[in-house]
Amino acid sequence: MKKLSKNTLNGFINYALVVVLFIVFQILASAKVLNNSMTGLLIPICCYVVMALSLNLVVGFSGELSLGHAGFMSVGAFGGVVMSTYLSNAITIAPLRLVVAVMFGALFAAAAGVLIGVPVLRLRGDYLAIVTLAFGEIIKNIMNCMYIGRDSKGLHFSLTDEASLNMEAGGVTIVNGPMGALKIAKISTFASGIVLILITLFIIQNLVNSRAGRAIAGIRDNRIAAEACGVPITKYKLMAFVTSAAMAGAAGALYGLNYSTIVPKKFDFNTSILILVFVVLGGIGNLRGSIIAAIVLTALPEALRQFQDYRMLVYAIVLILVMILTNNEKAASFISGMVKKIKAPKKEAKA
Amino acid sequence: MVSYLINGISLGAIYAIIALGYTMVYGIAKMLNFAHGDVIMVGGYMAYCSVSYLGWSPAAAVIFAMAVCTILGITIEKLAYKPLRDASSLAVLITAIGVSYFLQNAALLIFSSNPKVFPNLFSDMFTIKVGEATVTSVAVVTILSCIIIMVALTLFTSKTKMGKAMRAVSEDRGAATLMGINVNSTISVTFAIGSGLAAIAGVLLCSAYPTLMPTTGAMPGIKAFTAAVFGGIGSIPGAMLGGILLGVIEIFAKAYISTQLSDAIVFAVLIIVLIVKPTGLLGKKLTEKV
């Protein structure tokens, strides 16, 4: 058998991890080990995993700090929900409609990604971060006063209020400004979430290990050197940014179709930050880390229920402690020292 | 028109005071202190408690809030940021977010999520009429304190020994250490000043917009951060200019274009400015060594 390269092997471990997690959670859910609120978290966890993976493409592999990732999720969620409701008569099979809605979510978010990426990627460092933040806020703000309705003639859009949609009698308002999208048909499933994670992993792993991926990493490590070698900077940066946006949009669509109502406020700065926390805690540029961090940190507040009111406080303290323990040299050497001490006696025993 | 302008300047002055905290910390510690907005909230609550429960005078309340926030700022810096002095900027950023969550949730536990109505500390002092527009005393106090802070900070950074040390640390931390400057204490003083300013901003913000909640500081924090970048982060006059421009743009956008879209317009202006001038209005041009 041909020996697998390290990257390919790593990729397969990631796929296997996701599949194993799917089976484990599926068994746990059907054996009623998980309580209702935990089972309800399964699909959102899938969405957050995809969000974390896609943000890792920008932060880890492209090296740009993006603080507006929830904006793409928002575009994808509302795009997907609108398409799903619009096509509810045309496509009656729910899984097929879900696939189409998720694809449209990704498409809308990719369009937003191009629109935002072209000006944003001219900037660098903290200035780039603040502009992505600004775009995230702009998307939230626009979504907050977006009205979309549907009647027999098709879709109607308005940015002022519900009345100005000019719909015929019997028209349905799909997105109602700050109240968000109402009466969504819940068609997301846990299995579809897992499939989306696998597709995302497939896209990112293949992109990273391709010629384009090496160009992206080259730009991250030394922009000037990459440019001197004839790597088109803007093209590759935009490629990573738009791919990431599209996947975030797909995750958003899946997320939106899991609830009966979603509000634009859900996808605010705090959500962007939450996803960034997943990426940083999981390890920048480490896909498996992103998956695990997203699962653990989404489930953690739920697992901390016993602390009741203190759970978010505990969450904050855990976050700070983990960051200090993993990034402080003294703490790191202390921990490795402890590990050695624990391991050392065992070795002696063996000898 | 005149009243919109004055409202805008007074809102902008609050943003400017908050932005000063962001910009000083960024300039010296090279970190985005996302917990800054929540220090504002703590300042607001401290002033609220001392006026409503203890019946203190406004001046005493402001001083109390400043003292608490200054100590809080130094404590946060010592406990959370100092261990990460040599870590990557992203790690520090996430820690700052952790601190921000901590402050918000601690406030949630202590003061509950019900909004508190902040007593207007400067309401019955005076009102000035400019033509047809009435200027509230809050606006006057805000603008005056902004000017005083600006002058004091400029004098502090240019004349005093500590101020010079701050500028040296922001210029080159390694060289400053070699020159015998105590970098750690300089950073602590920066946090102390930034947090003290945040307390003042908190009192002024809550006097002008009198609802106080654990999340009160979040949005002004983001806006002020935007203002700091707008003016060129790391630059004190830049923060001032950025803050005031942002406030004026926001009020005018609310008055003439759309209330709901005002935030989008503010951020759109920021993006346009950054595209034309990538380091902000008064920012230093970055030179890159190959």
Side-chain angles (χ1 to χ4, degrees), chain A residues 59 65 67 116 119-120 122-131 133-142 144-145 159-160 177-178 222-225 228 269-270 273-274 276-277 279-281 284 309-331, chain B residues 26 30 32 34 79-106 108-109 215 218-219 222-223 225-226 228-230 233 258-272 274-275 278-280 283 286 288-290:
Chain A
V59 177
L65 178 57
L67 296 177
I116 293 168
V120 160
R122 280 169 44 99
L123 302 167
R124 254 169 267 157
D126 297 316
Y127 290 95
L128 185 135
I130 188 78
V131 169
L133 188 161
F135 267 115
E137 288 297 311
I138 290 177
I139 290 176
K140 185 187 88 183
N141 220 283
I142 291 175
N144 228 340
C145 34
L159 273 177
T160 43
N222 194 329
R223 208 182 57 90
I224 296 168
F269 176 62
N270 288 332
I273 289 296
L274 188 73
L276 185 66
V277 169
V279 173
V280 176
L281 270 186
I284 293 164
D309 296 342
Y310 296 94
R311 65 191 179 118
M312 285 315 285
L313 207 61
V314 175
Y315 180 87
I317 295 170
V318 169
L319 189 62
I320 297 171
L321 284 181
V322 169
M323 287 327 286
I324 291 178
L325 289 179
T326 49
N327 286 286
N328 185 295
E329 272 178 27
K330 272 185 199 158
Chain B
Y26 182 85
K30 292 282 173 292
L32 299 174
F34 267 110
L79 289 180
Y81 302 150
K82 202 180 162 200
L84 296 172
R85 195 72 22 101
D86 300 318
S88 73
S89 61
L90 257 182
V92 188
L93 180 77
I94 301 293
T95 312
I97 290 158
V99 173
S100 155
Y101 280 170
F102 179 83
L103 291 179
Q104 276 185 23
N105 287 293
L108 194 69
L109 281 178
T215 52
M219 201 58 203
I222 294 177
K223 293 258 183 70
F225 174 40
T226 315
V229 178
F230 193 61
I233 198 155
S258 158
T259 325
Q260 289 164 318
L261 284 174
S262 67
D263 284 355
I265 294 163
V266 168
F267 287 118
V269 171
L270 168 86
I271 291 166
I272 294 166
L274 283 188
I275 289 168
T279 52
L286 295 170
E288 219 170 334
K289 281 182 199 157
V290 181

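- Between B/Leu93 and A/Leu276, some side-chain heavy-atom pair lies under the 4.5 Å cut-off.
- Ranked by heavy-atom pairs under 4.5 Å with chain A, the first of B/Ala80, B/Pro83, B/Ala268 is B/Pro83.
- B/Leu270 and A/Ala134 get closest at one heavy-atom pair: CD2-CB, 3.8 Å.
- In this structure the side chain of B/Phe267 never reaches within 4.5 angstrom of the side chain of A/Ile130, judged on heavy atoms.
- For a residue to count as touching a neighbouring chain, one of its non-hydrogen atoms must lie under 4.5 Å from one of that chain's; by this rule A/Ile116 does not touch chain B.
- Contacts between A/Leu321 and chain B at a heavy-atom distance below 4.5 Å are absent for every atom of the residue.
- The choice from B/Ile222, B/Thr226, B/Leu108 that makes the most heavy-atom pairs within less than 4.5 Å of chain A is B/Ile222.
- Annotation: side chain of A/Ile324 is not in contact with side chain of B/Tyr81 (no heavy-atom distance under 4.5 Å).
- Contact record, B/Thr95 with A/Met323: OG1-CB, 3.4 Å, taken as the closest heavy-atom pair.
- Taking each heavy atom of B/Tyr101 and A/Asn270 in turn, the nearest pair found is OH-O, 4.1 Å.
- In plain terms, the two heavy atoms of B/Ser262 and A/Asn141 that are nearest each other are N-OD1, 4.5 Å.
- Note: B/Phe34 and A/Phe269 meet the aromatic proximity criterion, with ring centroids under 6.0 Å apart.
- Contacts between A/Ile142 and chain B at a heavy-atom distance below 4.5 Å involve backbone atoms as well as side-chain atoms.
- In this structure, the portions of A/Val277 lying under 4.5 Å from any heavy atom of chain B include both its backbone and its side chain.
- With a 4.5 Å cut-off on non-hydrogen atoms, A/Val59 touches chain B through its side chain but not through its backbone.
- The two residues B/Gly98 and A/Ala316 come nearest to each other via the heavy atoms O-CB, 3.5 Å.
- We find the CD1-CD1 distance between B/Ile97 and A/Ile273 to be 3.5 Å, quoted to the nearest 0.5 Å.
- Here the side chains of A/Ile138 and B/Ile271 are in contact, with some heavy-atom distance below 4.5 Å.
- Side-chain contact check for A/Glu137 versus B/Lys223: every heavy-atom pair is 4.5 Å or farther apart.
- Proximity to chain B (any heavy atom under 4.5 Å) is restricted, for A/Leu133, to the side chain, taken from C-beta onward.
- Contact annotation for B/Leu32: only side-chain heavy atoms (C-beta onward) come within less than 4.5 Å of a heavy atom of chain A.
- In this structure, chain A has heavy atoms under 4.5 Å from both the backbone and the side chain of B/Leu274.
- For B/Val266, no part sits under 4.5 Å from any heavy atom of chain A, backbone or side chain.
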